[in-house]
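Okay, structure first, notes after.
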Amino acid sequence: MSSSQISLLPTLPENLEIILAMETDPENAPYIRHWERRKHLAALDNPDIAHLKIVSEDKILGYVILVGITNIDRSIEFKRIVIQQKGRGIGRQTIRLIQDLVFNRYQAHRLWLEVIINNIKACNLYLSEGFIEEGIHRESLKQENCFIDLKVMSILEREYRLNT
């Protein structure tokens with residue numbers, strides 16, 4: 001999958017050092033749960049997971065993880081998106097590529113995600129790209145000494161088709 005500026009390509013094992021560095025970057029770390037290298041490697045080999053790097057001119061700009069590719073209910077979880085350089089429209093372009101991939105290639109019925117409730121920029125971006133708020137998973141994520149709420153959002157295939 002590609003747009004005029006970025007592409008989504010399968011992540012390779014040799015890309016994991018860059019990806020692991022992105023996860024621990026102070027701008028990204030508060031919003032994602034760090035995975036060990038072995039967990040990423042297992043995801044690369046799992047046919048139910050799409051682990052994709054976001055690239056432009058052979059430079060890795062971030063990565064995405066989709067879970068449930070083989071789900072019989074055709075419901076795919078948008079598990080993770082990490083963008084290294086924020087504020088350049090890469091996230092929005094990536095979300096559009098993901099929606100195209102999920103609804104056209106994987107023939108999904110539903111794309112859903114969980115986002116930390118205080119990640120306002122991400123929540124607003126998802127809303128602007130057609131995602132609907134479904135509810136809250138109350139205090140379901142432990143961060144340091146407190147529990148954080150997660151907002152559940154989704155977009156259905158018919159909603160995607162109306163917006164494209």
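Along the sequence shown, the residues carry numbers beginning at 1. As the structure is a computational prediction, the values presented were derived from the model and not from experiment.
Among residues two or more places apart in sequence or in another chain, the side-chain contact (heavy atoms from CB on, under 4.5 Å) test is passed with Glu129 by Arg92, Ile95, Arg96, Gln99, Leu125. Every residue meeting the salt bridge (charged side-chain N to carboxylate O under 4.0 Å, His left out) condition with Glu17, not counting sequence neighbours, appears here in chain and number order: Arg37. Partners of Trp35 by ring pair (Phe, Tyr, Trp, His ring centres under 6.0 Å), not counting sequence neighbours, listed by chain and number: His40. Residues passing the salt bridge (charged side-chain N to carboxylate O under 4.0 Å, His left out) test with Lys151, sequence neighbours excluded: Glu133. Residues passing the salt bridge (charged side-chain N to carboxylate O under 4.0 Å, His left out) test with Glu27, sequence neighbours excluded: none. Under the side-chain hydrogen bond (donor to acceptor under 3.5 Å, both in side chains) criterion, Gln85 pairs with Arg88, sequence neighbours left out. For Arg74, the side-chain contact (heavy atoms from CB on, under 4.5 Å) criterion is met by His109, Glu157, not counting sequence neighbours. Under the side-chain contact (heavy atoms from CB on, under 4.5 Å) criterion, Asn124 pairs with Ile120, Leu127, sequence neighbours left out. When the side-chain contact (heavy atoms from CB on, under 4.5 Å) test is applied to Ser56, the partners found at least two apart in sequence or on another chain are Ile6, Leu61.
Note: Ile19 CD1 to Thr24 OG1 = 12.0 Å, rounded to the nearest 0.5 Å. Note that CG of Leu16 and CG of Leu44 are 5.5 Å apart. Values are rounded to the nearest 0.5 Å.
The backbone N or O of Ala21 lies less than 3.5 Å from no partner atom in the side chain of Asp25, so there is not a single donor-acceptor pair. Checked by atom type and distance alone, the side chain of Lys142 pairs as donor or acceptor with a backbone atom of Glu144 at under 3.5 Å.
Residue Phe78 comes nearest to Leu113 through the heavy atom pair O-CB, 3.5 Å, listed as atom of the first residue, atom of the second, then distance. Contact record, Asp73 with Asn71: N-OD1, 2.5 Å, taken as the closest heavy-atom pair.
Contact check on Glu134 versus Arg110 returns a salt bridge, with a Lys/Arg side-chain nitrogen under 4.0 Å from an Asp/Glu carboxylate oxygen.
Sorted by first then second residue, the ring pair (Phe, Tyr, Trp, His ring centres under 6.0 Å) pairs that include residues 139-164, not counting sequence neighbours, are Phe103-Tyr160. Sorted by first and then second residue, the salt bridge (charged side-chain N to carboxylate O under 4.0 Å, His left out) pairs with a member in residues 49-65 form an empty list; sequence neighbours excluded.
Enclosure of atom CZ in Arg161 by more than 12 non-hydrogen atoms of other residues, nucleotides or ligands within 6.0 angstrom is indicated.
Using a 4.5 Å heavy-atom cutoff, the side chains of Asp149 and Glu139 are in contact. Between Trp112 and Met153, every side-chain heavy-atom pair lies at or beyond the 4.5 Å cut-off. Taking the side chain as every heavy atom from C-beta outward, Ile32 and Glu23 approach each other to under 4.5 Å. Counting heavy atoms from C-beta on, the side chains of Leu97 and Val64 never come closer than 4.5 Å. You'll find the side chain of Leu141 stays beyond 4.5 Å of the side chain of Glu114, heavy atoms only. Between Leu8 and Ile98, the closest side-chain pair of non-hydrogen atoms falls below 4.5 Å.
In the hydrophobic clustering (ILVMFWY side chains linked at under 4.5 Å, chained through shared members), Ile136 is joined by Ile117.
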